[in-house]
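Let me begin by presenting the structure, written as structure tokens, before commenting on it.
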Amino acid sequence: MKNYFQNIWQSITTLLIGLGITIKHMFKARKGNVTLQYPEEKWPRPERNIGFDPKNYNIIRSKLHVDIDDCIGCRKCERACPVGCIKIDALKVPKETDLGLTSSGTTKRLLISRFDIDMTECMFCNLCTYPCPEDCIFMTGGPNSEKQPLDYEYSQYDRSRLIFKFANVTKNDIRRITTAPPVQQEIL
Amino acid sequence: MGFLENRFEDNIITAKLDQILSWARSTSAWYFQFGLACCAIEMMATAASRHDLERIGMMPRSSPRQADVMIVAGTVTLKMASRVKLLYDQMADPKYVISMGSCANSGGPYSRQGYHVLKGVDQIIPVDVYVPGCPPRPESLIEGLLKLQDKIRKERPLTKKK
Amino acid sequence: MIINQKVSDILEVKFPGVVILPDEPHNDFIQIHPEKWKEIAKFIKTDSELKFDSCQCITGVDLGIEDGLEVRYNFHSMQLKHKIEIRIAVERKNPSIPSIEQVWRGANWLEREVYDMYGIRFKGHRDLRRMLLPDDWKGWPLRKDYKTPNIYNGMKIPKVRKGWD
Amino acid sequence: MGLVHAEEMTLNIGPQHPSTHGVLRLKVKTDGEIISEITPVIGYLHRCFEKHCENLSYEQVIPFTDRCDYIAAMNNSFGYVLAVEKLMDIQVPERVEYIRVIMAEYNRIASHLLALGTFGLDVGAYTPFLYMFRDRERILDLFEITCGARLLYNYMWVGGVSHDLPLGFMEASYRFLDEFEKNINEYHNILSYNKIFIERSADVGIMPKDVAIDYGVTGPNLRGSGVKWDLRKDEPYSIYNRFKFDVPVGTGIMGSVGDCWDRYWVRAEEMQESIKIIRQALDKIPREGNVHEALPKKVRPPKGSIYFRTESPRGDLGYYIISDGTPTPLRVKMRSPAFTALSALSEIATGWMLSDVLVILGSLDIVLGEIDR
């Protein structure tokens, strides 16, 4: 009998303790509010964060980006990718052709005719960005956020639009560059 | 809005029935609580305190009969594929599918040697929005859901299709 | 190292000729013949000096098309706090090995998984079905000569995706 | 009241069921409400992890190990990396060791928070889930400022870690730990000592010591049964022998030893111990150091094999790696702790009511990604 009432008493008190905590939270809701009002507020959270300066560590992993002008076609990222979501076609060009320099001063020897990244397959492991000798492939945001703004909002209605094509040469360009020098030699 | 507009007092809004229907559908798209793999944890995080999906009118439902949106969150294996299809068939019209994360989009990391992984959930059910990421950040998922809401809002359920 | 020597010595006394001596002098496993495996398992579980009361891991291994299959067991003793690895080689054609499912209950699922992946039959296992793959799956996927099927139940398993070569 | 004998009925729970933790199917034979037989059917998330390992190089496997146990990704890659390092005989810098321990323990807290929160959901308590996710998000924030990812990090590398700790990590950590310690008491008040919760979980699903050992159950589930076995203490790997912490075991405070409440309690106490370890590690960590110092040029272990165990939040996580001297492993087998824990379910859940099954399942804290691999 005593046990019976003790049980009732215990359940009431423990419930009230729990309720008290909830009510306490309700009243400090404005100050301790943790919800991020997403479309209006964006990461990094404007205030109420956990005490770091978001300017320093904005290294969230999001869309892969390639500065195609800097790419020398070494294919290191393609080999490092565990899933094979990067496809590169690099064409050999005759020695006389000048493809320009990268931003760090390396001479480009290969013509990048195709640089596709399939973001539906990417597993965001970041492994492709480390071996790049020219630092031209990177995840947007982070230290590269000046080059390319952070972008993690790119859902699509169609899957094929998630394959990003970075190569900027047209078929005509390829034909012109790869075939032009032999023609010149004939003239000479 | 035709001849009815500006003929009433200020606090009366007129709209086409079509628009009202699609607006109502879009703002109360209840999703089907159906986690498969890693993305399910992010889906839980999206529904939990930090991101709070109920802000945009989305509530988790445990039964496919009560749900409008199915979030395929995670890898669909061949053993699971027939069940996913079954669950999709059980949902009442109008129904929408969000493919969340790389695995549901195209098999993702498991698409190369995965002998037991379905290469993209769109092989078995139609997908409305693809949310990339592995797993997508909760913000990305919310953005995908907002995109879906846009899509629903543009629908005209009563207008005859040409 | 010491425990391997001890185990092989004890086993050599109890079951002569069962331990295959490895080529290299120092190693951390013992290799045994599969014939009396169930009796040996019972013995090493109950023997007061060994007391391997926990079956940690059962690994099926395909060492290559020529070398054949192997099953490797990792045991651990919660009381005496030592561990041992036991290797048993099985032939590639029609592989089978005595089951230890009734000795350690935890071995039940672990053996089923090895069967699922390598097709190694565990003689005496009371419930030897596929574990992870569906029941109507064909082939043993972790063998080196396994070829991924193109279609299963009407669902395509393409090697290469469309528009991507 | 006499027992009502009903016809035997076969019930099917899952693969889609709001209370199963992932895509698990339970074939349940019931006698009225009493379970007479329960058979878990797994494999709905079999993602061919081991096949992938045989086709990828050692570094490329690490993101896949993350995806096996997606709740405690740091711990999973930690175990794999340690195994490969032992195979290659690499000594990593002091700072890396400390960073790894800090990250692993943080992830243990995050994993236990999720386990306890969803356990609360299974029992019917929704509020603790929201509170625990609040704290879990803050741990994920710490991971995010460190390596950029929220859930699957690819942070541990063979011979190092991918990023150094960012500026301000220490302060943020201390601040989080101070607040979190207070919150744990809150959780105890709101969930652990709640009478309804105790009635649902105490004396339910008792796992005796010998059954647990026979099935190879490890981790908090084993400790809940009263066995003091923790690899961090008994077989210290990395630098765990430098820290002072206790190993909480279930003592049957609310019921008998090895019930669901004990398993819950062990997890709650382990969070306290993890806080202790993190605090010590934050105090002792060398302030300077290059985390990429010991990265090998090429990860190519010599011929041989290794079975290496670490203590993940779910128990002994073993990696069996066979190397044939090439950059690709010949075989990587993962001994998953949740796999063995689930295999014991049919033993411990038989004889209980149908509604208790989901409580028992929740208390085992399984992750299907790790079970099916």
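Here is the naming used below: chain letters follow the sequence lines, and residue numbers restart at 1 for every chain.
- Side-chain contact between V76(B) and L36(B) is present, with at least one heavy-atom pair separated by less than 4.5 Å.
- In this structure a side-chain-to-backbone donor-acceptor pair under 3.5 Å is present from T27(B) to W23(B).
- Looking at heavy atoms from C-beta onward, V127(B) lies out of side-chain contact with I98(B) at the 4.5 angstrom threshold.
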Would you give me the side-chain donor-acceptor pairs under 3.5 Å for residues 11-20 of chain A, sequence neighbours excluded?
from, atom 1, to, atom 2, distance (Å)
S11(A), OG, N7(A), O, 2.9
S11(A), OG, I8(A), O, 2.9
T13(A), OG1, W9(A), O, 2.9
T13(A), OG1, Q10(A), O, 2.9
T14(A), OG1, Q10(A), O, 2.8
T14(A), OG1, S11(A), O, 3.2
T14(A), OG1, K195(D), N, 3.2

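- A donor atom on one side chain and an acceptor atom on the other are found under 3.5 Å apart for N105(B) and S99(B).
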(message) Applying side chain to side chain contact (heavy atoms under 4.5 Å, CB included) to R159(A) and S106(B), what does each step give before you reach the verdict?
(response) CA-CA 9 Å; R159(A) 189 167 88 182; S106(B) 73; 3.9 Å; yes

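- Every side-chain contact (heavy atoms from CB on, under 4.5 Å) that C77(A) has, sequence neighbours left out, goes to I86(A), I88(A), F115(A), C128(A), I137(A).
- Residue R55(B) qualifies as enclosed at atom CZ: its count of foreign heavy atoms under 6.0 Å is above 12.
- Of residues 68-75 of chain B, no residue lies under 4.5 Å from chain A by any heavy-atom pair.
- Listed by sequence position, E143(B), G144(B), L146(B), K147(B), D150(B), K151(B) are the residues of residues 143-154 of chain B in contact with chain A, using a 4.5 angstrom heavy-atom cutoff.
- Here the two rings, on H65(A) and F164(A), have centers that are 6.0 Å apart or farther.
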